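One structure is given below, encoded as structure tokens.
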Amino acid sequence: MPSKLDSLNRWVDDVAKRTNPDRIHWCDGSDTEYRQLVDGMLKTGDLIELNQQTHPRCYLHRSDPRDVARVEKLTVICTRNRDDAGPNNNWMDPAAAHAKIDALFEGCMRGRTMYVIPYCMGPLGSPLSRCGVEITDSPYVVANMRLMTRMGTAALERIEREGLTQNGMFIKALHSIGELDPERRWIMHFPEELTIKSFGSGYGGNALLGKKCHALRIGSWQARSEGWLAEHMLIVGIENPQREIRYVAAAFPSACGKTNLAMLIPPEGYRREGWKVWTVGDDICWMRPGKDGRLYAINPEAGYFGVAPGTSKKTNPNALAMLQHDTIFTNVAVTEDNQPWWEGLDDRTPAKDWQGRDYDPANGPAAHPNSRFTVRANQCPSWSPEAENDQGVPIDAIVFGGRRAARVPLVFEARDWTHGVLVGASMASETTAAATDVGVAIRRDPMAMKPFCGYNFGDYFAHWLSFDQPGAKLPMVFHVNWFRKGKNGKFLWPGFGDNMRVLEWMLKRVTGEAGAVETPIGNLPRGKDLNLEGLGLGDGALDELFRVDNREWREEETAIGEYLAGYGSHLPGKLKAEWQRIVDALDAAAEPAATPERKAAAAS
Ligand code: OXD
Ligand code: MN
């Protein structure tokens with residue numbers, strides 16, 4: 001038998017009996033194996049070679065056009081008790097769900113190879129890491145898992161060690177692309193059984209099961225029972241001119257700039273002074289309290305599965321640099337000389353669109369709006385070696401944010417942890433192309449976890465609140481909105497590298513070096529608190545960026561209150577009381593707009 005662990009062998013056997021593959025391949029994670037997989041896919045057309053002079057070992061995958069993003073309506077949490085999944089999730093009874101999806105798996109791998117992928121989420125030696133085994137019939141998934149996780153023999157050894165010695169249990173993650181038929185597609189999670197079953201999609205989070213399914217949905221469930229947090233957050237280290245590095249974790253919904261913030265290059269003046277940014281992770285963060293009361297975080301992933309459109313020399317030069325070699329692109333366009341191309345990259349005209357058709361603007365964007373790159377994390381020039389630290393990195397600030405054209409100021413600070421949890425729970429954002437079926441303009445997306453929390457959000461908020469223990473040294477909590485627009489419909493804030501100015505303020509709040517003014521919704525920087533040198537923002541833009549309109553916010557809080565009430569008896573009383581405190585403060589605020597403090601302070 002290929003593994004020392006009977007339970008693993010038995011599961012692989014059972015799956016093979018059901019799915020009937022021609023061959024079973026246990027993945028070792030070696031370079032040779034990767035090369036063979038790529039060669040095989042080049043032969044079948046699953047991969048297309050890109051220009052090897054400009055982009056060595058870079059390939060393009062064109063997905064089925066009906067399979068281009070996560071599908072939230074087919075994503076299900078299956079728990080014995082419906083209430084445990086909560087109103088934030090689609091729910092199915094586990095027995096009914098197994099029956100439904102097992103019928104689809106019946107004989108589905110006939111003529112195919114079944115790949116067994118042992119993987120570890122997080123550094124191989126870290127006590128914070130967790131392991132799983134994905135079984136799939138897609139070599140594209142195997143190649144992506146190799147870039148995105150620590151996969152192969154070393155992971156299997158850890159799984160065997162844990163399985164044989166402790167009650168350590170690996171996640172069983174079963175996947176088949178089936179026929180890629182959207183009518184025969186499900187992404188099912190059984191957190192009580194540490195099991196995932198996904199059928200009918202080969203795309204991203206639907207198919208690379210270590211990512212959203214394991215590291216977030218099942219991860220959040222495990223995290224609650226074990227006293228940690230599994231979050232949809234980037235992790236970034238900010239080094240100041242004194243060579244001190246402080247770490248920030250930030251939760252933004254999909255396709256709202258987590259990758260760009262994680263790889264930010266500070267503005268010229270900052271670089272001259274010695275500021276540097278270190279990338280630990282761009283999408284997922286697992287955090288747990290250390291002995292000293294601080295939260296320590298690891299990035300469970302080993303690669304980036306990032307959105308390509310919009311990535312350019314201006315928006316994210318680090319990402320562009322890392323995408324020049326050893327990258328798998330999915331659903332991007334290509335230029336005449338076969339280089340990968342997407343909207344926002346540069347002003348070249350592509351030759352073929354994401355479906356391989358001759359480019360015709362009448363067909364829409366050349367690259368699919370949710371086209372992606374998959375690349376090993378350490379290819380990023382700003383990659384932090386601390387990403388391999390078994391103990392994780394200490395987090396000083398947690399940032400929540402959304403894409404909001406109106407109402408929400410550039411940045412504000414929560415007054416304490418409880419308020420911070422409310423700020424996270426109240427998050428909302430305009431929807432993006434990362435999920436195809438959401439269909440609303442602005443949706444509530446608590447902690448950016450709406451599509452990813454594996455249990456009832458009411459219980460999740462309670463879990464967050466529970467970290468506020470005597471002796472805890474919790475991070476400060478902030479909210480940002482890079483996307484506020486002026487009357488002319490243009491973004492007010494330049495974003496990207498200039499977001500460093502906001503990060504600097506946050507970290508100086510942590511150390512007590514920067515000031516702020518209190519408002520009913522939280523503490524805001526005044527003009528003098530933020531380094532805006534060289535930005536050339538007019539007073540009008542500045543005022544609008546920081547404007548807090550109490551009447552608008554009263555409306556916002558009403559909507560938040562209604563949303564939170566949807567969690568009924570699961571909603572923690574403490575969170576409700578905190579919401580009431582903000583509402584009372586807004587009602588008590590005399591003037592309709594709260595900018596006068598800012599103006600007065602800026603003038604002084
Ligand atoms: C992602 C997502 O792919 O959030 O990271 O959709
Ligand atoms: Mn994500």
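Values below: all heavy atoms of this structure, side chains included; hydrogens, waters and symmetry mates excluded. A quick note: this is a predicted structure, and the numbers were derived from the prediction, not measured. In listed order, ligands and their atoms are each counted from 1.
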Give the atoms of ligand 1, by number and element, whose distance to some non-hydrogen atom of S254 is under 4.0 Å. 2 (C), 4 (O), 6 (O)
For side-chain hydrogen bond (donor to acceptor under 3.5 Å, both in side chains), just list the numbers for N260 and T315, CA-CA rounded to whole Å, side-chain angles, deciding distance to a tenth of an Å, and then say yes or no. CA-CA 7 Å; N260 291 342; T315 61; 4.8 Å; no
Honestly, for F452 the part within reach of ligand 1 (heavy atoms, under 4.0 Å) is side chain
Main-chain N/O of G454 paired with S220 side-chain donor or acceptor, under 3.5 Å: yes
Has G205 got an N/O/S atom less than 2.8 Å from the Mn ion (ligand 2)? no
Degrees at the Mn ion (ligand 2) between the NE2 atom of H232 and the NZ atom of K212, nearest 10°: 90°
Heavy-atom proximity to atom 1 (C) of ligand 1, picking from K212, E72, R70, points to K212
Quick one: does K258 get a heavy atom under 4.0 Å from ligand 1? no
Nearest N/O/S atom of D283 with respect to the Mn ion (ligand 2), by atom name, please. OD1
Before accepting this row, confirm whether a basic side-chain N of the pair E556/R444 lies closer than 4.0 Å to the acidic partner's carboxylate O. yes
So that I know where these two stand, are F412 and F478 an aromatic pair - ring centroids less than 6.0 Å apart? no
Using a strict threshold of under 4.0 Å (side-chain N to carboxylate O), is an ion pair present between E388 and R150? yes
Which of the numbered atoms in ligand 1 are below 4.0 angstrom from a heavy atom of H232? 4 (O)
Closer than 4.0 Å to some heavy atom of D283 - which atoms of ligand 1 meet that? 5 (O)
D353 side chain vs A333 backbone, donor-acceptor pair below 3.5 Å: no
Within this structure, what is the CE-CE distance for the pair M427 and M447, rounded to the nearest 0.5 Å? 8.5 Å
